[in-house]
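Reckoned from all heavy atoms, side chains included, excluding hydrogens, waters and symmetry mates. Residue numbers start from 1 in every chain, and the chains themselves are labelled A, B, ... in the order their sequence lines are given, proteins ahead of strands.
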2 protein chains.
Amino acid sequence: MSNSDVAADQSGGVQSVDRAITILEVLARHGEVGVTEVALELGVHKSTAFRLVSTLENHGLVEQSGDRGKYRLGVGLLRLAGATTARLDVVQEARPICKRLAAETGETVNVAVLSGSSALYLDQIAGSSALQPHNWVGQHIPLHATSNGKVLLSGLDEDDLDDVLHELPALTGLTVTKRSRLRKELAVVREQGYATAVDELEEGLTAAAAPIRNAHGDVIASLSVSGPTFRLGEEKMTTVVPQLTEAALEVSHRLGWGHR
Amino acid sequence: MSNSDVAADQSGGVQSVDRAITILEVLARHGEVGVTEVALELGVHKSTAFRLVSTLENHGLVEQSGDRGKYRLGVGLLRLAGATTARLDVVQEARPICKRLAAETGETVNVAVLSGSSALYLDQIAGSSALQPHNWVGQHIPLHATSNGKVLLSGLDEDDLDDVLHELPALTGLTVTKRSRLRKELAVVREQGYATAVDELEEGLTAAAAPIRNAHGDVIASLSVSGPTFRLGEEKMTTVVPQLTEAALEVSHRLGWGHR
DNA sequence: GGGTGAGTTGCGTCCACGGCAACGCATTCT
DNA sequence: AGAATGCGTTGCCGTGGACGCAACTCACCC
């Protein structure tokens with residue numbers, strides 16, 4: 001359970017601020033907590049906990065339910081978080097991680113988002129290999145024939161899927177063209193947390209993609225590694241995919257995803 | 001006079017926590033700020049500001065750009081804010097419906113509630129994920145100049161209206177500044193079940209909003225669609241408004257409205 | 001009515017916090 | 001190049017502010 005994990009203190013900073021923030025984290029975990037319980041969790045006296053909570057309340061970071069009731073997180077946090085997202089953008093946050101991923105795998109890394117009924121490529125980091133693919137940035141690519149597209153689709157519910165999917169033209173011999181088949185694949189993507197596409201968009205082009213999520217858990221973008229099929233075979237994929245999902249998760253964390 | 005204007009302090013709480021939170025607010029306002037500037041704004045010594053900032057950094061509430069660079073708000077806030085909205089059931093229930101509405105209309109969707117004498121924005125879903133408009137979440141916005149505000153006002157009776165409405169400053173040339181005019185508009189809002197605001201808060205910004213009701217029929221929140229005026233013209237509105245009112249009604253149903 | 005357990009508050013002690021000054025490191029000026 | 005400025009960062013005390021104690025006020029339940 002949550003309690004045995006002390007880990008609270010010793011941050012080497014200002015003690016009271018440390019404690020105050022720990023209180024916020026406790027409230028985030030438990031929802032509604034009383035002063036006494038907070039004090040217990042911090043290992044401080046009731047009165048200390050009370051004063052810290054009061055200070056937080058004065059700034060709107062926590063609110064009290066009722067007159068002498070428990071405490072919970074307040075809307076002041078929304079204001080601060082709003083200011084955070086103002087400067088946060090996916091490309092910005094993802095870039096350093098993408099570069100690392102590109103270096104690790106040696107292949108090209110892309111970031112894409114859903115735009116209407118296609119995938120819009122926002123960023124690209126070229127791999128180290130001599131053979132460079134063309135630059136996808138700014139292009140709209142079919143959703144059903146790419147790993148990025150499948151990941152983005154996997155974040156939609158059934159109704160939205162129908163709005164977005166119109167036709168499934170065959171771009172190569174291996175393109176998925178049947179809706180039922182695609183739906184099955186999307187279920188697998190949701191299950192395993194990544195998607196792949198081998199020779200489905202272009203002959204000889206293989207890619208794998210994993211979801212980037214925001215604080216609410218919505219899939220807001222997709223991160224992919226792609227390269228020529230002859231380089232990205234079965235066994236190469238077994239090392240690339242974990243690196244990819246790890247990187248996507250890291251970006252998601254930077255965007256606030258991380259409720260357990 | 002010599003020292004800072006501020007006035008944000010002396011909350012009668014724990015001093016260092018007060019200061020730490022003030023730092024967060026400063027960062028929220030200015031975006032990126034250095035230690036020295038923070039110290040100046042708080043009226044404390046550089047080292048004090050530094051230690052406070054460091055403590056915040058250890059918890060992920062602020063981050064440093066570069067190795068010895070300035071500081072900005074961190075992603076830890078997003079996680080806390082996520083936990084905040086998780087307990088607000090309006091946001092929780094509205095979210096999937098908002099997402100659908102945002103997809104249908106292609107414009108930004110907001111959820112707002114009445115907070116004191118302004119509208120507090122609780123959630124926002126961007127229309128097209130590529131380019132993010134201004135993020136209103138957590139902000140307090142004038143009631144008389146927004147569609148959300150008009151909807152929230154339309155749920156009040158005459159007495160409460162007077163308590164809440166103080167002044168009606170003109171924010172653009174089209175802002176409603178006369179009480180009599182506003183009252184007439186509110187009657188129309190009650191009548192037709194939605195409100196609009198064209199260039200009333202900001203030049204070039206158009207919005208429409210509809211009420212979210214609880215089981216008792218009270219207006220507890222407001223749902224809005226907003227975008228640039230050139231995209232949300234007369235004819236676009238004729239399709240958007242029904243989608244909007246439909247969505248708001250659906251959220252209301254989820255909250256128990258309409259089960260006799 | 002008395003008992004329990006919540007949140008709240010005054011008070012005195014003591015230590016954590018804040019101010020000082022020096023340092024490392026960039027960048028700019030001459 | 002060297003000097004000079006100005007930033008973020010750190011060790012060192014002294015003291016003011018935070019903390020623990022204990023008493024208080026409410027609610028709720030035997």
Side-chain angles (χ1 to χ4, degrees), chain A residues 3 6-27 29-74, chain B residues 2-4 6-27 30-74 87:
Chain A
N3 54 5
V6 183
D9 297 329
Q10 92 287 351
S11 295
V14 177
Q15 189 189 52
S16 23
V17 176
D18 253 328
R19 289 171 169 173
I21 299 173
T22 306
I23 289 178
L24 291 178
E25 288 163 355
V26 168
L27 291 178
R29 263 204 307 280
H30 294 80
E32 281 212 334
V33 185
V35 166
T36 308
E37 199 177 337
V38 167
L40 216 65
E41 195 124 2
L42 294 198
V44 301
H45 195 268
K46 256 199 317 184
S47 61
T48 303
F50 172 73
R51 271 184 286 260
L52 291 170
V53 166
S54 289
T55 307
L56 292 170
E57 189 186 15
N58 287 337
H59 289 267
L61 301 196
V62 311
E63 336 173 306
Q64 192 170 208
S65 57
D67 197 22
R68 294 184 141 240
K70 300 181 168 224
Y71 288 88
R72 52 173 190 250
L73 293 179
Chain B
S2 56
N3 59 5
S4 48
V6 191
D9 294 330
Q10 87 283 356
S11 301
V14 178
Q15 189 190 51
S16 17
V17 176
D18 254 329
R19 288 171 169 171
I21 299 174
T22 306
I23 289 178
L24 292 178
E25 288 163 356
V26 168
L27 291 179
H30 294 87
E32 280 212 334
V33 185
V35 166
T36 307
E37 201 176 336
V38 167
L40 217 65
E41 193 124 3
L42 294 197
V44 299
H45 194 269
K46 257 201 312 185
S47 60
T48 303
F50 171 72
R51 272 184 282 260
L52 291 170
V53 166
S54 290
T55 307
L56 291 170
E57 190 187 16
N58 287 337
H59 289 266
L61 301 197
V62 312
E63 342 173 303
Q64 193 172 204
S65 57
D67 197 25
R68 301 185 134 237
K70 300 182 169 221
Y71 288 88
R72 52 171 191 251
L73 293 179
R87 89 183 154 67

Does A:Val35 or A:Arg51 map to a spot on DNA chain C nearer the 5' end, using the closest nucleotide for each?
A:Val35

Closest-nucleotide mapping onto DNA chain C: is A:Phe50 or A:Ser16 further toward the 5' terminus? I mean the 5' end.
A:Phe50

Minimum heavy-atom separation for [X] and [Y], please, with both atom names.
X       : Y       : result
A:Leu56 : B:Val17 : CD2-CG1, 4.3 Å
A:Tyr71 : A:Val35 : CE1-CG2, 3.6 Å
A:Thr22 : A:Asp18 : OG1-O, 2.7 Å
B:Ala49 : B:Val38 : CB-CG1, 4.0 Å
B:Ser65 : B:Arg72 : CB-NH1, 3.2 Å

Please list, in 5' to 3' order, the outermost nucleotides of DNA chain D lying under 4.0 Å from any heavy atom of chain A.
D:dC19 to D:dT25

What does A:Lys70 touch in the nucleic acid at a heavy-atom separation under 4.0 angstrom: a base, only the sugar-phosphate, or nothing?
nothing

So what does B:Ser47 touch, heavy atoms closer than 4.0 Å: a base, only the sugar-phosphate, or nothing?
base

What verdict does the side chain to side chain contact (heavy atoms under 4.5 Å, CB included) test give for A:Glu57 and A:Val62, after you've listed the backbone C-alpha separation in whole Å, the side-chain angles of each residue and the deciding distance to 0.1 Å?
CA-CA 5 Å; A:Glu57 189 186 15; A:Val62 311; 3.9 Å; yes

Note down the inter-axis angle between the two ends of the helix from C:dG1-D:dC30 to C:dT30-D:dA1, five pairs each, to the nearest 10°.
30°

B:Arg19 versus A:Val14: any side-chain heavy-atom pair under 4.5 Å?
no

Given DNA chain D, 5'-ward residue of the pair B:Gly69 and B:Gln15, judged by closest heavy atom:
B:Gly69

Counting distance only, does the side-chain N/O of B:His59 pair as donor-acceptor with the main-chain N or O of B:Leu61 below 3.5 Å?
no

Counted 5' to 3', the first and last nucleotides of DNA chain C within 4.0 Å (strictly under) of a heavy-atom of chain B are C:dG18 to C:dG24

